[in-house]
Enquirer: 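Once you've had a glance at the structure underneath, I'll fire off some questions.
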Amino acid sequence: MADPHPSDRHGRPLGVLRLSLTARCNLACPYCLPDGQDPPGLLTLEQRRAVVAAAVALGARSLRLTGGEPLLHPDLEALIESVQPLRQGGLRELALTSNGLLLTAERARALRQAGLDRLTLSLDGTTGASVARMAGLADATAGTRALERVLAAIEHARAAGFDPAQGALKLNAVIQRGANADELLPLAGLARERGVELRLIEFMDVGNRNGWRPEAVLPAAEMVARIGERWPLEPLGRGRHGTASRWRYRDGGGVLATVASISAPFCGDCNRLRVTADGFAYTCLFAPPGSGLDLRPWLAPGCPAAALREAIASLWRQRADRASEERGEAPLPRPMPHVEMARLGG
Ligand code: SAM
Ligand code: SF4
């Protein structure tokens, strides 16, 4: 019998499934620029559950629901509930990444009750002007409204039981040179005050629309140096298969993290499988368009679950991608085409 937990060609196991629920979003962050509408043939709730079950059977221990903006999806809570029985099969952690705009107190409670373990909210600035710039909003007034909603969402999430001290509530911020690098300290201050881990993400060359240039990347080491000058930090390292390198504030002010996909790629132990809202499986965030495996033939009525498992296992065994490391080894003369981030699931 084939190994139930496949490894890819670099010996990497499958550990995390990132499932995009929709490619649509209620924001238009210029570094992401999602599609205005979803592709045809979106998976049903039952098909999504089948994908999660297959991934868990193949070794995935963590499920992250994302998009696009996953809170736009009406079946979100139902999906979270429907995968709870898979905890017996090895699923350990259910997480969600959201821009938080739609996270009311009621929605936060519903997510918690449905069985969500962790929530990461995204916020790239602490002023109306910076939020507007980073989120693609019309002006500082709209930015202030969005900022207030995300700050309220943090408190709704905390009140619903997503405890930041247990790592169940975190903040993501994309930092882009020339756009919001001046927000580094204010964002760190805000996260410290609220006792939430801030994850600073390097601007990545995902998709084809965000005008990515190496010059616009503020390397994680520089982010840490700037924050460390104000609040000294000591390194905690990067966990195995993790994306984030973590630092502890020496004054006891909590933890800071960086996701240095550009300056310090972590392809070597990447264990993430991504499935789009319309059922295409990708094994790399930087995959070229059209390279995903359409899982829908194995999700058709009557197709046995074992066939879907084998399709995903075979994709995983053939996997050899290490795009971020390759970018660093031999920078390409011009950017390669990539699937858009919001479609792939960030
Ligand atoms: N809409 C949700 C949100 O913004 O949290 C979930 C989807 S979004 C694609 C997931 C994460 O990817 C967000 O934290 C976002 O900031 C990040 N992201 C999007 N485009 C990026 C880029 N070009 N470089 C780095 N991070 C990016
Ligand atoms: Fe929407 Fe998230 Fe992309 Fe911003 S990063 S446009 S919030 S999907």
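Numbering of residues begins at 1 and proceeds along the displayed sequence. Counting starts at 1 for both ligands and their atoms, in listed order.
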Enquirer: Taking the side chain as C-beta and beyond, is there a heavy-atom pair between Leu123 and Leu151 under 4.5 Å?
Expert: yes

Enquirer: So which heavy atom on Leu315 is nearest to which on Ala281, and how close?
Expert: CD2-CB, 3.7 Å

Enquirer: Considering the heavy atoms of Glu202, write down every atom of ligand 1 situated less than 4.0 Å from one of them.
Expert: 24 (N), 25 (C)

Enquirer: Does any N/O atom on Ser122 come nearer than 3.5 Å to any N/O atom on ligand 1?
Expert: yes

Enquirer: Please check if the number of heavy atoms outside Gln37 that lie under 6.0 Å from its CD is greater than 12.
Expert: no

Enquirer: Should Glu69 be counted as touching ligand 1, given the test is an N or O pair under 3.5 Å?
Expert: yes

Enquirer: N/O of Met204 under 3.5 Å from N/O of ligand 1, yes or no?
Expert: yes

Enquirer: Which protein heavy atom lies closest to atom 17 (C) of ligand 1, and at what distance to 0.1 Å?
Expert: Met341 CE, 3.8 Å

Enquirer: Has Gly100 got any heavy atom lying under 4.0 angstrom from an atom of ligand 1?
Expert: no

Enquirer: Check ligand 1 against Val206 and write out every atom of the ligand that is under 4.0 Å from a heavy-atom position of the residue.
Expert: 22 (C), 23 (N)

Enquirer: Look at the rings of Phe203 and Tyr31 and say which category their plane angle falls in: under 30° parallel, 30 to 60° tilted, over 60° perpendicular.
Expert: perpendicular

Enquirer: Quick check: closest heavy atoms across Gln84 and Ile80, and the distance to 0.1 Å?
Expert: NE2-O, 2.9 Å

Enquirer: Which ligand 1 atoms does Gly68 reach within 4.0 Å, using its non-hydrogen atoms?
Expert: 1 (N), 2 (C), 6 (C), 7 (C)

Enquirer: Kindly indicate, with the supporting measurements, whether the criterion side chain to side chain donor-acceptor pair (under 3.5 Å) is fulfilled by Thr120 and Asn172.
Expert: CA-CA 7 Å; Thr120 305; Asn172 269 0; 5.2 Å; no

Enquirer: Numbering the atoms of ligand 1 from 1, which are under 4.0 Å from a heavy atom of Asn99?
Expert: 2 (C), 3 (C), 5 (O)

Enquirer: Which residues and atoms, counting only protein N, O or S, are under 2.8 Å from atom 3 (Fe) of ligand 2?
Expert: Cys32 SG

Enquirer: Side chains of Asn180 and Ser130: any donor to acceptor distance under 3.5 Å?
Expert: no

Enquirer: Between Arg238 and Phe266, is NZ or CZ placed under 6.0 angstrom from the six-membered ring centre and within 45° of the ring axis?
Expert: no

Enquirer: How far is atom 26 (N) of ligand 1 from the closest protein heavy atom, and which atom is that?
Expert: Val174 CG2, 3.3 Å

Enquirer: State, with a plain yes or no, whether a side-chain heavy atom of Leu111 is found less than 4.5 Å away from one of Leu71.
Expert: yes

Enquirer: Quick one: does Trp247's side chain get under 4.5 Å of Val255's, heavy atoms only?
Expert: no

Enquirer: Go through ligand 1 atom by atom and flag the ones less than 4.0 Å from a non-hydrogen atom of Asn172.
Expert: 14 (O)

Enquirer: Should Glu69 and Asn26 be marked as a side chain to side chain donor-acceptor pair (under 3.5 Å) after you check the CA-CA gap, both sets of side-chain angles, and the distance that decides it?
Expert: CA-CA 7 Å; Glu69 177 46 47; Asn26 48 353; 5.7 Å; no

Enquirer: Numbering the atoms of ligand 1 from 1, which are under 4.0 Å from a heavy atom of Cys32?
Expert: 19 (C), 20 (N)

Enquirer: Starting from atom 23 (N) of ligand 1, which protein heavy atom do you reach first, and at what distance in Å?
Expert: Tyr31 O, 2.9 Å

Enquirer: Decide whether Ser314 and Glu310 meet the rule of one side-chain donor and one side-chain acceptor closer than 3.5 Å.
Expert: no

Enquirer: Is there a polar contact, in the sense of an N or O pair closer than 3.5 Å, between Gly67 and ligand 1?
Expert: no

Enquirer: Report, in ascending order of atom number, the atoms of ligand 1 lying under 4.0 Å from any heavy atom of Phe203.
Expert: 23 (N), 24 (N)

Enquirer: Between ligand 1 and Thr120, is the shortest N or O to N or O distance under 3.5 Å?
Expert: no

Enquirer: Mark up the atoms of ligand 1 that fall under 4.0 Å of a heavy atom belonging to Ile201, in ascending order.
Expert: 25 (C), 26 (N)

Enquirer: So Leu299 and Thr44, do their side chains get closer than 4.5 Å, heavy atoms only?
Expert: no

Enquirer: Checking contacts here: is it the side chain or the backbone of Ser98 that comes within 4.0 Å of ligand 1, counting heavy atoms only? Could be both or neither.
Expert: backbone

Enquirer: To check you understand the geometry: which heavy-atom pair defines the closest contact between Ala28 and Pro34, and what is its length?
Expert: CA-CD, 4.1 Å

Enquirer: Is it the case that atom CZ in Arg61 sees more than 12 heavy atoms from other parts of the structure closer than 6.0 Å?
Expert: yes

Enquirer: Examine Thr66 against ligand 1 and note whether any of their N/O atoms are separated by less than 3.5 Å.
Expert: no

